[in-house]
Amino acid sequence: MQNVLRILAFLCLTTAATRPNATRAQANGRVMTAVVAHQYGGAEVLKHEKVPIPEPKENEALVRVIAAGVNPADPLIVSGKYAKEFGTRLPLIPGYDIAGVVEKTGARVATLKAGDAVYGYPLMRGGWAEYAVVTEAEAAAKPRSLTYAEAAAVPLAALTAWQSLISTARLEAGQTVLVHGGSGGAGSFAVQIARARGAKVIATASTPNQDLLRQLGADVALDYTSAKFEEVAREVDVVLDPVGASSSVLSRGLIQRSWRSTAFAAFRWR
Amino acid sequence: MAVKPDAADLAEITKLIEEKKIQPVVTQTLPLTEAGDALAQAATRHTRGKIVLRMADEPTR
């Protein structure tokens with residue numbers, strides 16, 4: 001356990017924060033309804049306003065949003081606690097996940113065209129609005145089997161789970177993964193992605209969500225209010241922690257490093 | 001490591017969805033006017049599955 005490879009996948013941490021719709025919209029005359037924060041805080045700072053529809057840059061597409069996802073990152077951003085790290089400025093429009101229909105595209109956009117059903121992850125561009133812009137790297141064709149509302153629940157949470165489990169921790173078939181908060185937004189994707197990868201999945205949730213863990217395909221469902229992590233942790237190759245729950249493992253001396261509780265951590269156990 | 005938008009990763013996820021290997025767990029769909037409630041729930045970090053805000057009706061095709 002001294003060789004724990006530690007990786008923090010801080011929710012939506014990137015340096016490429018761009019200016020939100022509310023401040024970079026062009027004067028094209030058309031307006032939309034958006035959820036806007038003019039100051040940092042909680043739910044009380046969110047206002048519904050008419051703001052100009054953003055104009056896509058040459059590498060962006062303008063999407064008419066049908067549905068938008070809600071993520072733990074939203075209250076973090078609106079709180080202003082990470083304004084410096086994220087490069088956020090006011091006013092801002094929250095919302096990282098969208099599903100909708102492409103309205104128009106910038107000149108250099110090759111893979112998206114008007115009328116396409118898409119879902120995506122517009123970083124810091126404000127998804128809680130009737131229109132949002134995305135780059136090609138931030139969008140993909142909406143899965144046909146999903147409604148727009150279902151598709152809007154996917155990108156950030158599923159990418160977080162995928163990039164942590166697969167890109168970072170390199171989970172392989174036959175390995176065992178412990179997913180904390182397996183019934184939550186990112187956790188529920190992590191359980192399914194790990195199963196699809198051929199891994200054995202041990203997942204934790206509160207008592208009412210034990211059934212959901214099993215529906216998602218967890219081999220072992222643990223109630224974190226009573227689970228004995230020491231007993232399962234010995235068999236675990238990868239730990240995924242979207243909820244900061246590894247502190248409870250840490251406190252039992254199983255591993256020695258500490259993590260920030262807001263981080264989405266994935267690490268090799270052995 | 002940052003969670004980053006990545007079209008290739010999103011394509012892999014799309015594939016798993018089309019193969020019915022993963023399915024989003026949407027527990028609440030709220031109108032955009034309920035964004036404040038959605039934000040407050042997300043702040044608890046104890047939501048079951050995902051909350052989604054709806055701006056418009058599902059297109060008929």
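The sequence lines fix the lettering, A, B, ..., with proteins before strands; numbering per chain opens at 1.
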Got a second to check how far Q163(A)'s CD is from I13(B)'s CD1, nearest 0.5 Å? 7.5 Å
Non-hydrogen atoms of A42(B) and V70(A) that approach each other most closely: CB-CG1, 3.7 Å
Solution key, residues 152-159 of chain A side-chain donor-acceptor pairs under 3.5 Å, sequence neighbours excluded:
none

Of the backbone (N, CA, C, O) and the side chain (C-beta and beyond), which part of R144(A) lies under 4.5 Å from a heavy atom of chain B, both, or neither? both
For the atom pair CG (L39(B)) and CG (L76(A)), what is the distance rounded to the nearest 0.5 Å? 9.5 Å
Any idea which of I22(B), T29(B), T47(B), T44(B) has the most non-hydrogen atom pairs under 4.5 angstrom with chain A? I22(B)
Heavy-atom pairs under 4.5 Å with chain A: which of R48(B), R54(B), K21(B) has the most? R48(B)
Honestly, the part of L46(A) sitting under 4.5 Å from a heavy atom of chain B is side chain
Turns out that what part of L16(B) lies under 4.5 Å from chain A's heavy atoms comes down to side chain
Heavy-atom closest contact (A68(A) atom, M55(B) atom, distance): CB-CE, 3.4 Å
What are the two closest non-hydrogen atoms of A7(B) and E136(A), and how far apart are they? CB-O, 4.0 Å
Mind checking what makes side chain to side chain donor-acceptor pair (under 3.5 Å) contact with S79(A), not counting sequence neighbours? none
Relative to chain A, which segment of K20(B) carries a heavy atom at a distance below 4.5 Å: side chain, backbone, both, or neither? side chain
Name the option with the most non-hydrogen atom pairs under 4.5 Å to chain A; the candidates are A40(B), A8(B), G36(B). G36(B)
Among H48(A), E138(A), Q215(A), E150(A), single out the residue with the greatest number of heavy-atom pairs under 4.5 Å to chain B. H48(A)
Check whether W162(A) gets within reach of chain B through its side chain, its backbone, both or neither, counting any heavy atom under 4.5 Å. side chain
Please flag which part of A139(A) lies under 4.5 Å from any non-hydrogen atom of chain B: side chain, backbone, both or neither. backbone
Note: vs chain B, highest number of non-hydrogen pairs under 4.5 angstrom among N209(A), T33(A), V35(A) is N209(A)
Portion of D97(A) that has a non-hydrogen atom of chain B nearer than 4.5 angstrom: side chain
Under 3.5 Å donor-acceptor, E58(B) side chain and A149(A) backbone: yes
Are K50(B) and D74(A) close enough for a salt bridge, meaning some N to O gap below 4.0 Å? no
Engaged part of Q23(B) at the chain A interface, taking heavy atoms whose separation is under 4.5 Å: both
Given Y119(A) and L10(B), is the side-chain contact (heavy atoms from CB on, under 4.5 Å) satisfied, shown in steps? CA-CA 9 Å; Y119(A) 72 150; L10(B) 197 53; 3.9 Å; yes
If we define contacts as heavy-atom pairs under 4.5 Å, which of L32(B), L30(B), D37(B) has the most with chain A? L32(B)
Using a 4.5 Å cut-off on heavy atoms from C-beta on, say whether the side chain of D9(B) contacts that of Y121(A). no
Top residue by heavy-atom pair count (under 4.5 Å) with chain B, among G100(A), A140(A), A137(A)? A137(A)
Enter the distance from E18(B):CD to L146(A):CG here, rounded to the nearest 0.5 Å. 7.5 Å
Side chain, backbone, both or neither: which part of V101(A) has a non-hydrogen atom closer than 4.5 Å to chain B? side chain
Check each atom of P208(A) against the heavy atoms of chain B and say whether the ones under 4.5 Å are side chain, backbone, both or neither. backbone
Chain B heavy atoms under 4.5 Å from V78(A): which part of the residue, side chain, backbone, both or neither? side chain
Go through the atoms of A205(A) and report whether side chain, backbone, both or neither lie under 4.5 Å from a heavy atom of chain B. neither
Quick one: which of S188(A), A196(A), G69(A), G184(A) has the most heavy-atom pairs under 4.5 Å with chain B, could you say? G184(A)
